[in-house]
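Structure first, commentary second.
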Amino acid sequence: MNVPPHDEGPAEGSAGRDPRRVSGAGAGPGDGTGRRPGWLALAAFTFAFAVFETVKHQGWTLAAAAAGAALPLLAARLPGRAVALSVRHPLPPVLVLAAATFLTDSQAQAAPWFTLGLTWLTTVAVLRSRR
């Protein structure tokens, strides 16, 4: 296989076939090497909202915030790739947020679950912004 000397080979998937990667042109934001500003904006918003909820309700929301932030990070240690990928997907925390909003009777009941969903979504958004 003839590989040009300036090409280090494919880093992920079909990235090695991308002519911009081989020639070095296009390196920077927008080509997959930089951060994704949409995910960073979502992370900033959900982080600020989680801090607000934790300060407002205190108690169990602090434990829920810590659990929500740690869940996607600890998922990498779980057996099975499907489990780790599903925990790092944005849909489960959005479902937790919806359940906390619509299936609870009071704000006191909803606050820990809502904070868990917010911090979980924050961590997922940060991880996705780094892709």
For Phe52 and Phe47, what are the C-alpha separation, side-chain angles and deciding distance, and is it a ring pair (Phe, Tyr, Trp, His ring centres under 6.0 Å)? CA-CA 9 Å; Phe52 169 77; Phe47 177 74; over 10 Å; no

Minimum-distance pair of heavy atoms, taken over all atoms of [X] and [Y]:
X      : Y      : result
Ala84  : Ala75  : CB-O, 3.4 Å
Leu40  : Ser129 : CD2-OG, 3.4 Å
Ala67  : Leu116 : CB-CD1, 3.9 Å
Ala50  : Thr119 : CB-CG2, 3.7 Å
Thr122 : Ala43  : CG2-O, 3.7 Å
Thr54  : Ala65  : OG1-CB, 4.0 Å

If you define the side chain from C-beta out and look only at heavy atoms, does anything of [X] sit under 4.5 Å from [Y]?
X      : Y      : result
Glu53  : Gln107 : no
Thr115 : His57  : no
Leu127 : Arg88  : yes
Phe49  : Phe114 : yes
Leu97  : Leu118 : yes

Are Val126 and Leu42 in one and the same hydrophobic cluster, where Ile, Leu, Val, Met, Phe, Trp and Tyr link if side-chain heavy atoms are under 4.5 Å apart?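 Not linked; separate clusters.
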
Identify whether Val96 and Leu71 are in the same connected component of the hydrophobic contact network (ILVMFWY, side-chain heavy atoms under 4.5 Å).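 Yes, same cluster.
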
Verdict with supporting geometry, Leu74 and Val87, side chain to side chain contact (heavy atoms under 4.5 Å, CB included): CA-CA 9 Å; Leu74 296 176; Val87 173; over 6 Å; no

Side chain of Arg128, backbone of Trp39: donor and acceptor closer than 3.5 Å?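 No, Arg128 side chain to Trp39 backbone: no donor-acceptor pair under 3.5 Å.
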
